[in-house]
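First up is the structure itself, then whatever we jot down about it.
Letters go in sequence order (proteins before strands), and every chain restarts at 1.
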Amino acid sequence: MERELQNESEVVPTSLGRYLDERGLEALDEGDKVRRYTEFYLRTRPALKAYLYAFLAGNDAAIEDCIQETGLVVWNKWDESWDLDAFQKYAFVTGKYKALSWLKKHKPAKKVYLSPALVERLADKSSELERDARLDSLQQCMDQLSPQNREILEARYESEGSKALRNLAEKMERSVDAIYKQLERLRSSLKDCVSRKSKLQQP
Amino acid sequence: MSEELIESGEGVPVNVEVRELVDRLIDGRLSEEENRRLESILESDEAAMRYCAERMRFHAEMEELMSPVRVELMQKRHLVVETKKGLATVSKAVSNVVRVENPKFGSALELPPGLKTPKQVLGYMLWGGLALVVLVAVIVFLIQRGPVSSEPQLVFRNASFEDLEINENSPPFIYTVLDWQDYFQTSSVRVCDVRRATDGKKEAQDGQYAVIMEGGFLTQRLSYNDGEAFVARKGLRLKVSGWAMLEEAGKPAQLWISSRVVVSAYPSMSQVEPDVQKLEVESDAWERFEAILTLPSDSLMMKPSIFRRDATQSAVDISGLQLAVSIDNKSKVPMFIDNLKIEVLEDLQETGVEVKK
């Protein structure tokens, strides 16, 4: 179905949890190459990001750069006959080399990383995980959080991580370590919540 | 350090220390000592490794949910209205560009990829500049080399006898064999629409028409495709080929291929025939024939082989005279000829080595 566009260019905000019925992409035909690629790319991002954490944990900007560069490489190599699995496998291989290339180029001195052998094992383990995102369940779990806990998560994930958390700690008159500890507990609670919901949804 | 056990993703318990270390790794807060400790745990504990991978995955999902990418669709519609030959035509096209942006970092992926970053633009400019340099070098080379000569080719004109159309409502024959029989005429050779002439039993070898020879000859004075006359010279070797087919199986036909020079046509006929090749056509299906015609390499002073009885027979130097090829059906057996070709195999010409093909 082709939408009537009011302007020549229209901005459609999106969240990954709704990418399958994304109104923005519906403006394109189902067979449109750009649409198919974008869907695959969006569905691959969380798994690819997790995979790249093995190499670049703690450097979110570098991870984002690698994801986007991977996206370009995959676009150039992508065969439209690929299914999602083939797409993701190629993205993982490309992502790995992008991450190694980033490390070689930037030689981060102050960052602490796991040994290369361990990183390889961790990345392999990450690539074995179920690749379908559980974002709908996660959204429901987050909706149950208190405003204060929500604020901690927003500081960590929506802003410039550590700086925002320091500011928040100051505002809440708590130590930074205490905020991180709270963040750790929140992750665990949310993870448990998602696991419970996933089990309930299983037939 | 807490020894409280928590569940890993698959229900395998890992201790709180692992959880703390993994979260510190994710948040970029590991000290070197903690890093070594985590490495030591992950190397020996498969459950901890699994937990770490899942925790990273969960963290990635959290980030994607809390700081989602923004998909921006830019759609351009092109509508072109134009008039061609009095008819109005409308063409339309839609181009789409999807931009996936991560607002947190302000970076974006554009699909299909365009020229976005200065680095990319510089890369394309460098490649473009290199291509331009190569192009200029090639042009300079070609200019220095001089004009490229598209050498004229020796060809038979109307080689497949398709140049003159036979009216569908007329008999399937015409006696005009365009570009052939320059000096002479014969009623034994006609161009025919093969299918109509044979009631659909046979087809031309190439196109729709062929000649049918009930005796007689086909002759053509040779010239290059630019119209320049092809003249006799010492040491020439020509290859004449084509396709022949008997109208009916049975008695074979004698096909002679010869090179000729008409020394004089009036008042008395005089022709020199430097070479003749004698072939036999036996089949009522198309068969390919080929003949090599050679001119002497020592002297072209030759006696006419075709002349009036009362004319003198003194030798004539045929050098520089236009060469002709004659294809003769020396029997009375009707035979089709089609798709003729001629090529120069060897041409010593003046330098003794130059080959003009």
Side-chain angles (χ1 to χ4, degrees), chain A residues 5 8-17 22 24-25 27-28 32 34 37-38 41-42 45-47 49-50 53-54 57-61 64-65 68 71-72 75 111-112 114-115 118 121-122 125-126 129 133-135 138-139 142 153-154 157-158 161-162 180 183-184 187-188 190-191 195, chain B residues 6-7 9 16 19-20 22-32 34-36 38-39 42-43 46 49-50 52-77 94 96-100 102-105 107-113:
Chain A
L5 298 179
E8 200 170 62
S9 162
E10 186 170 342
V11 176
V12 184
T14 181
S15 70
L16 276 177
E22 185 51 57
L25 293 180
L28 303 177
D32 187 283
V34 172
Y37 181 88
T38 306
Y41 175 74
L42 293 175
R45 273 185 63 95
K49 182 177 275 189
Y53 268 114
N59 195 333
D60 293 352
E64 183 62 31
D65 283 349
Q68 291 188 10
L72 287 175
W75 169 271
K111 294 288 179 184
V112 177
L114 300 175
S115 69
L118 208 51
R121 281 179 56 201
L122 185 57
K125 188 66 75 180
S126 176
L129 297 177
R134 300 153 291 188
L135 298 175
L138 184 54
Q139 180 66 65
M142 286 183 65
L153 288 179
E154 286 171 354
Y157 290 106
E158 292 180 10
S162 57
Y180 271 109
L183 176 64
E184 181 191 316
R187 284 175 181 149
S188 297
L190 286 169
K191 178 77 169 60
S195 297
Chain B
I6 58 172
E7 295 291 311
V16 173
R19 187 178 79 183
E20 286 176 352
V22 168
D23 269 35
R24 292 179 79 82
L25 172 71
I26 288 170
D27 292 325
R29 299 173 67 237
L30 270 184
S31 66
E32 287 188 29
E34 288 168 331
N35 192 64
R36 281 194 295 275
L38 180 59
E39 282 184 339
L42 294 179
E43 275 168 6
E46 191 62 25
M49 178 69 85
R50 170 93 187 173
C52 185
E54 288 198 338
R55 191 73 166 178
M56 285 177 165
R57 172 60 179 274
F58 188 70
H59 171 68
E61 289 173 353
M62 288 273 291
E63 194 156 53
E64 289 293 299
L65 187 67
M66 299 288 293
S67 181
V69 290
R70 195 179 68 156
V71 177
E72 183 180 347
L73 169 65
M74 289 171 283
Q75 199 167 57
K76 274 189 178 175
R77 295 181 179 196
V94 178
N96 299 303
V97 174
V98 171
R99 185 178 159 86
V100 183
N102 189 332
K104 184 173 175 182
F105 300 102
S107 53
L109 171 67
E110 198 166 272
L111 302 166

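- Between the side chain of B:Glu64 and the main chain of A:Arg45, no donor-acceptor pair closer than 3.5 Å is present.
- Between the CG atom of B:Leu65 and the CG atom of A:Leu153 there is a distance of 10.0 Å, given to the nearest 0.5 Å.
- Closest heavy-atom contact between B:Ile26 and A:Arg187: CG2-NH2, 4.1 Å.
- Taking the side chain as every heavy atom from C-beta outward, B:Phe58 and A:Leu138 approach each other to under 4.5 Å.
- In this structure, chain B has a heavy atom under 4.5 Å from the side chain of A:Glu64, while its backbone stays farther away.
- In this structure, B:Val100 and A:Leu42 have side chains that are in contact, with non-hydrogen atoms separated by less than 4.5 Å.
- Qualifying salt bridge (Lys or Arg N to Asp or Glu O under 4.0 Å) partners for A:Glu184, counting only residues two or more places apart in sequence or in other chains: A:Lys181, B:Arg19.
- Between B:Met49 and A:Leu118 there is a side-chain heavy-atom pair separated by less than 4.5 Å.
- With values rounded to the nearest 0.5 angstrom, A:Asp60 atom CG is found 9.5 Å from B:Ser67 atom OG.
- Only the side chain of B:Arg29 has a heavy atom closer than 4.5 Å to any heavy atom of chain A.
- Two residues are said to be in side-chain contact when any heavy atoms from C-beta on lie closer than 4.5 Å; B:Met56 and A:Leu122 meet this criterion.
- Between atom CD of residue B:Glu20 and atom OH of residue A:Tyr180 there is a gap of 14.5 Å, rounded to the nearest 0.5 Å.
- Across A:Tyr53 and B:Glu63, no two heavy atoms sit closer than the pair OH-OE1, 3.0 Å.
- Residues satisfying the side-chain contact (heavy atoms from CB on, under 4.5 Å) test with A:Glu154, not counting sequence neighbours, are A:Arg150, A:Glu158, B:Met66.
- In terms of non-hydrogen atom pairs under 4.5 Å with chain A, the most contact-rich of B:Glu43, B:Glu39, B:Glu46 is B:Glu39.
- When all heavy atoms of B:Ala60 and A:Pro46 are compared, the pair lying nearest together is CB-O, 3.4 Å.
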